[in-house]
Amino acid sequence: MRGDGGSSRAPAVLPLRVTTVGESLDCAVVLLRQRAVPLLVVSAVLAAGEQWLLGVLRAGAGLLPPYYEPHARLHQWGDWWQILATGFALEVGIVAVLGAYAGAAAGPALLGRPAGGWSLWRRARLGRTLPVALLLAVAAWPLAWGGVVGLLALCALFGLATPILAMERTGNPLRALGRSAALSVRGGLRVARVRFLGYLTWLAIRFALGAAWLAVADTVLGLAGAGSGWVRWATPVAWGLANTVAYAALACLDAVLLVESRIRTEGLDIGVRRSRARGEDETAMLGAGR
């Protein structure tokens with residue numbers, strides 16, 4: 001197959017060049033828009049499961065919507081922190097699962113190659129990526145329980161692992177974790193810093209979609225009190241919808257950062273252009289990162 005692709009080439013949606021932080025965030029949204037149906041469907045299912053589990057835990061602890069804040073009783077503060085840690089761990093695992101698909105989709109998006117939406121799940125290598133996602137989620141719980149620093153370190157270093165497994169076809173999952181850490185610390189922790197900025201950005205959006213409107217309803221209409229029956233189901237639905245979009249967008253950001261980091265530090269763009277000039281299949285360059 002020739003690198004120029006001929007009629008098989010589709011419009012590339014990711015730039016084959018170094019991007020700014022703002023452009024990286026924008027590219028993640030563009031990638032999400034291109035693969036919206038499979039990403040959002042799977043994200044919605046996982047987000048709904050997350051809200052169901054957290055709802056069971058919150059009900060058992062006596063935490064009330066819409067904010068589920070602990071009250072004066074000491075045991076509620078302990079329960080609240082455990083549930084918060086569980087939520088963080090679930091988020092890490094969900095974004096990692098979606099990151100595998102986003103990593104598989106980023107290659108065709110960069111090279112302008114057509115690829116079916118659902119067929120990309122086969123290229124996501126779930127047999128390898130799901131255990132890594134589970135490992136990250138399990139590791140995230142005690143780190144979140146012990147404080148924020150350990151959780152931040154985990155997310156900063158290993159967030160690219162599942163996109164790496166899907167895009168670079170790495171055989172050893174542990175090697176993918178090591179490569180994720182290596183890419184994340186390059187350039188003054190650039191990947192880690194952009195991931196953190198992206199998380200804060202989507203956290204603000206999630207809060208607006210998941211909770212802020214309830215505060216407005218309470219202030220203006222007096223409808224959102226903790227004793228209101230409808231708020232018990234409206235709150236998890238609102239958070240579930242907000243998380244659906246946010247988790248998919250964060251997964252796409254991880255895939256974009258993998259591509260951008262390889263362009264910035266490994267010359268992926270140069271390798272792709274050389275392959276095209278020689279009439280070779282440039283898709284081989286996606287698995288050449290070491």
Side-chain angles (χ1 to χ4, degrees), residues 9-36 39-40 43 91-92 95-96 98-113 115 152-164 166-168 176 179-209 242 245-276 282-283 285-286 288-290:
R9 188 173 301 284
V13 300
L14 297 183
L16 193 61
R17 59 174 174 81
V18 171
T19 57
T20 66
V21 173
E23 287 176 326
S24 294
L25 295 173
D26 290 341
C27 287
V29 176
V30 171
L31 182 60
L32 172 59
R33 289 174 60 186
Q34 186 191 46
R35 304 296 180 185
L39 274 172
L40 293 178
S43 183
E91 287 188 11
V92 169
V95 173
L98 298 173
Y101 179 90
L110 178 71
L111 302 178
R113 294 295 186 93
L152 290 178
L154 176 77
C155 295
L157 293 176
F158 304 118
L160 302 186
T162 54
I164 287 171
M167 178 185 293
E168 298 186 359
R179 177 152 169 77
S180 175
L183 288 173
S184 297
V185 300
R186 292 177 183 174
L189 294 169
R190 186 180 187 278
V191 168
R193 288 186 285 111
V194 178
R195 284 195 92 230
F196 184 62
L197 177 62
Y199 184 85
L200 290 180
T201 300
W202 280 101
L203 181 63
I205 296 173
R206 288 158 61 191
F207 182 80
L209 296 176
V245 179
Y247 293 161
L250 291 172
C252 289
L253 179 60
D254 287 341
V256 167
L257 289 176
L258 171 59
V259 170
E260 204 278 340
S261 179
R262 290 188 57 185
I263 291 174
R264 183 180 294 270
T265 66
E266 298 179 349
L268 175 62
D269 54 330
I270 298 174
V272 168
R273 291 192 176 99
R274 284 178 177 172
S275 294
R276 288 176 177 174
E282 70 269 28
T283 58
M285 293 303 303
L286 296 177
R290 296 291 182 269

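Since we're looking at a predicted model, the values are computed, not measured.
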Can you name the nearest heavy-atom pair linking [X] to [Y], along with the distance?
| X | Y | value |
| --- | --- | --- |
| Ala192 | Ala156 | CB-CB, 3.6 Å |
| Ala102 | Ala251 | CB-O, 3.5 Å |
| Ala104 | Ala166 | N-CB, 3.7 Å |
| Leu110 | Leu286 | CD2-CD2, 4.3 Å |
| Ala249 | Ala28 | O-CB, 4.0 Å |
| Leu268 | Val259 | CD2-O, 4.3 Å |

With rounding to the nearest 0.5 Å, note down the distance linking [atom1] in [X] to [atom2] in [Y].
| X | Y | atom1 | atom2 | result |
| --- | --- | --- | --- | --- |
| Arg276 | Leu111 | CZ | CG | 6.0 Å |
| Leu253 | Asp26 | CG | CG | 10.5 Å |
| Leu258 | Ser184 | CG | OG | 9.5 Å |
| Arg262 | Met167 | CZ | CE | 7.0 Å |
| Glu282 | Arg113 | CD | CZ | 4.5 Å |
| Gln34 | Leu14 | CD | CG | 7.5 Å |

**Request:** Could you list the residues that satisfy salt bridge (charged side-chain N to carboxylate O under 4.0 Å, His left out) with Arg273, not counting sequence neighbours?
**Result:** Asp269
Residues which pass side-chain contact (heavy atoms from CB on, under 4.5 Å) with [X], listed by chain and number, not counting sequence neighbours:
| X | answer |
| --- | --- |
| Ala181 | Leu157, Phe158 |
| Leu250 | Val95, Tyr199, Trp202 |
| Ala100 | Ala124, Thr129, Thr162 |
| Ala248 | Leu32, Leu39, Leu40, Ser43 |

**Prompt:** Is the count of non-hydrogen atoms from other residues, nucleotides or ligands lying under 6.0 Å from Arg33 atom CZ greater than 12?
**Reply:** no
**Fill in**
Quick note, salt bridge (Lys or Arg N to Asp or Glu O under 4.0 Å) partners involving residues 154-164, not counting sequence neighbours, are none
**Item:** Within residues 247-261 or reaching into it, pairs that qualify as salt bridge (Lys or Arg N to Asp or Glu O under 4.0 Å) - sequence neighbours excluded
**Value:** Arg190-Glu260, Arg195-Asp254, Glu260-Arg264
**Message:** Apply side chain to side chain contact (heavy atoms under 4.5 Å, CB included) to residues Leu200 and Phe196 and explain how you reach the verdict.
**Reply:** CA-CA 6 Å; Leu200 290 180; Phe196 184 62; 3.5 Å; yes
**Request:** Apply side chain to side chain donor-acceptor pair (under 3.5 Å) to Thr201 and list each qualifying residue two or more places apart in sequence or on a separate chain.
**Result:** none
**Request:** Could you tell me which residues satisfy side chain to side chain donor-acceptor pair (under 3.5 Å) with Ser24, sequence neighbours excluded, listed by chain and number?
**Result:** Thr19
**Prompt:** Is it true that a side-chain atom of Arg35 and a backbone atom of Cys252 form a donor plus acceptor pair closer than 3.5 Å?
**Reply:** no
**Request:** Side-chain contact test, heavy atoms from C-beta onward, threshold under 4.5 Å: evaluate it for Val245 versus Ile205 and give yes or no.
**Result:** no
